[in-house]
Novice: 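Below you'll find the structure I mean.
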Amino acid sequence: MVDDSLVISARWAAINAIARSHRADAESYLTQALELENIELQAVAALALADRDVEKYRTLIERRMASWPDDPPFPADRLPDVMG
């Protein structure tokens, strides 16, 4: 997930695997992924956190979304609808 030498699709898959995990520390890893430089990876993590508990993570996700361009790439473009 944090290894910049991996292609984006591998890092995306790692975040999705963490998102599907029932481990207690999964949400911690997902919040860390919000700090990655790549907007697509941030969005994958944000979508996973919103799916787990949108109200718990609303402020954190909205702060990250505010740093994105007005027309963010997929899947970041899905976040406004998810956040309601």
Side-chain angles (χ1 to χ4, degrees):
M1 176 179 84
V2 296
D3 185 351
D4 290 338
S5 69
L6 295 174
V7 296
I8 294 295
S9 60
R11 297 173 74 194
W12 187 320
I15 294 170
N16 277 328
I18 292 167
R20 289 189 306 274
S21 169
H22 296 288
R23 291 178 45 120
D25 58 354
E27 290 178 12
S28 174
Y29 284 111
L30 293 171
T31 58
Q32 288 177 37
L34 285 177
E35 301 303 319
L36 296 171
E37 286 189 33
N38 184 283
I39 292 174
E40 293 173 29
L41 298 176
Q42 292 172 6
V44 172
L47 287 164
L49 288 168
D51 188 50
R52 285 176 176 256
D53 190 339
V54 70
E55 292 310 318
K56 179 178 178 181
Y57 294 105
R58 178 175 295 282
T59 302
L60 187 64
I61 294 169
E62 287 177 345
R63 250 188 269 137
R64 177 50 57 202
M65 289 171 61
S67 72
W68 295 341
D70 290 338
D71 188 21
F74 178 84
D77 61 347
R78 293 184 44 216
L79 259 299
D81 291 334
V82 170
M83 299 303 288

Novice: In Å, rounded to the nearest 0.5 Å, how long is the span from OH of Tyr57 to CG of Leu34?
Specialist: 9.5 Å
Novice: Quick one, Leu36 with Arg11, criterion side-chain contact (heavy atoms from CB on, under 4.5 Å). Give me CA distance, side-chain angles, the key distance, then yes/no.
Specialist: CA-CA 11 Å; Leu36 296 171; Arg11 297 173 74 194; 3.7 Å; yes
Novice: Can you name the closest pair of heavy atoms from Leu41 and Trp12 and give their distance?
Specialist: CD2-N, 3.7 Å
Novice: Do you reckon Phe74 sits in the same ILVMFWY cluster as Leu49, going by side-chain contacts under 4.5 Å, direct or chained?
Specialist: yes
Novice: Mind checking the CG-CZ spacing from Asp51 to Arg20? Nearest 0.5 Å is all I need.
Specialist: 12.0 Å
Novice: Write down the atom of Ala19, the atom of Arg52, and the distance for their closest heavy-atom approach.
Specialist: O-NH2, 2.9 Å
Novice: Heavy atoms only: give me the nearest Ala46-Leu79 pair and the separation to one decimal.
Specialist: CB-CD1, 4.1 Å
Novice: With sequence neighbours left out, what residues match Arg78 under side-chain hydrogen bond (donor to acceptor under 3.5 Å, both in side chains)?
Specialist: none
Novice: To the nearest 0.5 Å, what is the distance between CG (Asp77) and CD1 (Ile39)?
Specialist: 11.0 Å
Novice: So do the side chains of Asp71 and Pro69 get within less than 4.5 Å of each other, counting heavy atoms only?
Specialist: no
Novice: Do Leu6 and Leu30 land in one hydrophobic cluster if side-chain heavy atoms of ILVMFWY residues count as linked below 4.5 Å?
Specialist: no
Novice: Give the C-alpha distance, both sets of side-chain angles, the deciding distance and a yes or no for side-chain contact (heavy atoms from CB on, under 4.5 Å) between Ile61 and Val82.
Specialist: CA-CA 11 Å; Ile61 294 169; Val82 170; over 6 Å; no
Novice: Assess the residue pair Arg58 and Glu55 against the criterion (side-chain contact (heavy atoms from CB on, under 4.5 Å)); give the C-alpha distance rounded to whole Å, side-chain angles, the decisive distance to 0.1 Å, and a yes or no.
Specialist: CA-CA 5 Å; Arg58 178 175 295 282; Glu55 292 310 318; 2.8 Å; yes
Novice: Rounded to the nearest 0.5 Å, what separation is found between the CD atom of Gln42 and the CD1 atom of Ile15?
Specialist: 9.5 Å
Novice: For Asp25, does the CG atom sit with more than 12 other heavy atoms under 6.0 Å from it, leaving out its own atoms?
Specialist: yes
Novice: With rounding to the nearest 0.5 angstrom, report the CD1 to CG distance, Ile8 to Asn38.
Specialist: 4.0 Å
Novice: Supply the atom-to-atom distance Met83 CE to Met65 CE, rounded to the nearest 0.5 angstrom.
Specialist: 6.0 Å
Novice: So for atom OH, which belongs to Tyr29, do other residues, nucleotides or ligands contribute more than 12 heavy atoms lying within a distance under 6.0 Å?
Specialist: no
